[in-house]
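All remarks here apply to the structure that follows.
Just so it is clear, the values below take in all heavy atoms, side chains as well, and ignore hydrogens, waters and symmetry mates. Order of appearance sets the numbers: ligands from 1, and atoms from 1 within every ligand. Everything numeric here is computed off the predicted structure, so don't read it as measured data. We number each residue from 1, following the sequence as shown.
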Amino acid sequence: MALIVQKYGGTSVGSIERIQSVSERIISTQQQGHNVVVAVSAMAGETNRLMNLANQISEVPEPRELDMLLSAGEQVSIALLAMSLTQKGIKAISLTADQAGIQTNAVFNDATIEYIETDLITKWLNKGYVVIVAGFQGRDRIGNITTLGRGGSDTTAVALAAALNADECQIFTDVDGVYSSDPRFVSNTRRLKEVSFSDMHVLAKSGAKVLQEHSVTHAWNSSVTLRVLSSFDDGEGTLICENPKEVLAVTGLALKQDLFLVECEGISAKEQRELYKQYKVLDERCDCFQIVVPKATFLQLKLAFNTKIRNISSLSILTLVGDNVEGMAESACNQLMANSIDIYQYDIEPKSVSVIVNQADLQRAAEILHKTFVITEQSQDNNLMIAVS
Ligand code: ASP
Ligand code: MG
C-alpha cells in the first residue's frame, strides 16, 4: 500500500460535475489499495472573483484581510469534495490548512510553509479516511490565516507529500503534463515525458504556470516524486525528477506576460538599491531609472511613491530553458529582429536565455522562438532531436 498525495486545480473542481468526476478518480486510486491525501484549489475563477471584490474597495488591499478573504475559496471546494465522496460511500474528511497543521511564516499573500504537524492527518488516514486539505492556505505562528501566493496549492500538495513521506505527489490539472511551451498560447507544443527539477525550476521561475515555483524547489529539496497529470484524461503525464532519461538542448520556452515598464524619478538611493535587488533594470540616467515589474507591484509602488513613478509600457519576457541554450542568445535575437520585433534587453544565465519584448509582440515572438529552437513532435519524428546524453 502506497501513500499518494493528489492535488486538483481550479478547473478540475470547477463545477459539481467536475467534483463528482474527481471523486471517482480518488476512489479508483483508493481501490488500487492506496491511502490518499488530497490538496484542492478553489473552484475555477473563484480566487479572481474574491480578488475583484477586494479591489472594488482598494487597489492594494490590506494584506492580512486579503488572505482572510482569498483563503475562503478553498474552504468551499474541500467541503464539496468531501460531501461528494461521502455520498458515494467513501469515508472522507475535509481540513482547513490550520486544522491540517500547516504552519507558515507571517508573510501575508506570499507565505512560505515552515512546518506541517501531521498528527491529525495521520489519525484520519489510519481510520481509512481520504483526507482533503485546503490548498493555498496556511497559518502563521500566532494563528493568522496566510496564503502561499497564486498557484500555491501545488506547494501545499508537495509540502504534504514531503511531510507525510508520500510515495508520489500527483498534480492534476487541465493539461496532460508539462509542455514545451504554453499550449493555450503557442502552436505545435510538445508534452515532455520527463523534466529535471532544475529545468522545471527555471521554467516555473520564468513564468510557466503549470507548477508554482515554490512547489518545484520544495519537491527538489525533499526529493518528492512529482508528476503532472490531467484530471480530464488518462495518461502518464510528465514526471519531474532528478535525472530525466532524455536531455534536450532546449527543454522549453516560458512566457511571462503583463509586466509593466516603470520609470522612477527622484527616489532615494537606498530605495533604488532595494528595487534593483528585486527587479530587472532597463535604463539608468542620473536621477531617473526604468525597471520591469508585475502589475501588482506597480500598484504598490504607486502607493508608496506617487508621482515619482509612472508606467511607460506593457512588456513580456520570453525565456528559452535548457542545458545548452546559452549559445543561442545571438541567434534568438537575430530571428526576432529579422521579424521586426524590438528587443528591450536580453539576458543569458545558466540554463536560460531571456528576451524582453513589447506585450503586443509576445504571441509572434513566442511562435518564432518555439518553432526555431524547441523540438516539436514533427521535428522529433524527423530525428532532429538533439539529445545531449
Ligand atoms: N486558488 C489559488 C489561486 O487561484 C491557489 C491555487 O489555485 O493554487 O491562485
Ligand atoms: Mg496552478
Worksheet item: Would you call the rings of Trp124 and Tyr129 parallel, tilted or perpendicular, where under 30° means parallel and over 60° means perpendicular?
Response: perpendicular
Worksheet item: Closer than 4.0 angstrom: is that true for some heavy atom of Gly10 and an atom of ligand 1?
Response: no
Item to complete: Name the orientation class of the two ring planes belonging to Phe289 and Tyr276 (parallel below 30°, tilted from 30 to 60°, perpendicular beyond 60°).
Response: perpendicular
Practice prompt. Step through the shown structure and confirm whether more than 12 heavy atoms of other residues, nucleotides or ligands are within 6.0 Å of CZ on Arg141.
Written response: no
Practice prompt. Identify the protein heavy atom lying closest to atom 7 (O) of ligand 1, giving its residue, its atom name and the separation to 0.1 Å.
Written response: Ser41 OG, 3.1 Å
Fill in: Within 6.0 angstrom of Glu263 CD, more than 12 heavy atoms from elsewhere
yes
Worksheet item: Backbone or side chain, does any N or O of Gly149 fall under 3.5 Å from an N or O of ligand 1?
Response: no
Item to complete: Tell me yes or no: between the side chains of Ser268 and Glu271, is some donor less than 3.5 Å from an acceptor?
Response: yes
Discussion item. With a heavy-atom distance limit of 4.0 Å, tell me whether Glu46 approaches ligand 1 through its side chain, its backbone, both, or neither.
Written reply: neither
Worksheet item: Is the shortest N/O to N/O distance between Asp154 and ligand 1 below 3.5 Å?
Response: no
Practice prompt. Would you mind running through ligand 1 and noting each atom that sits below 4.0 Å from a heavy atom of Gly151?
Written response: 3 (C), 5 (C), 6 (C), 8 (O), 9 (O)
Worksheet item: Considering only protein heavy atoms, which is closest to atom 4 (O) of ligand 1, and at what distance to one decimal place?
Response: Arg150 NH2, 2.9 Å
Worksheet item: Is there a heavy atom in Gly9 that sits closer than 4.0 Å to ligand 1?
Response: no
Fill in: Within 6.0 Å of CD in Glu62, more than 12 heavy atoms from elsewhere
yes
Worksheet item: So is Glu74 close enough to ligand 1, meaning a heavy atom under 4.0 angstrom away?
Response: yes
Worksheet item: Taking atom NZ of Lys295 and atom CD of Glu59, what is their separation to the nearest 0.5 Å?
Response: 7.5 Å
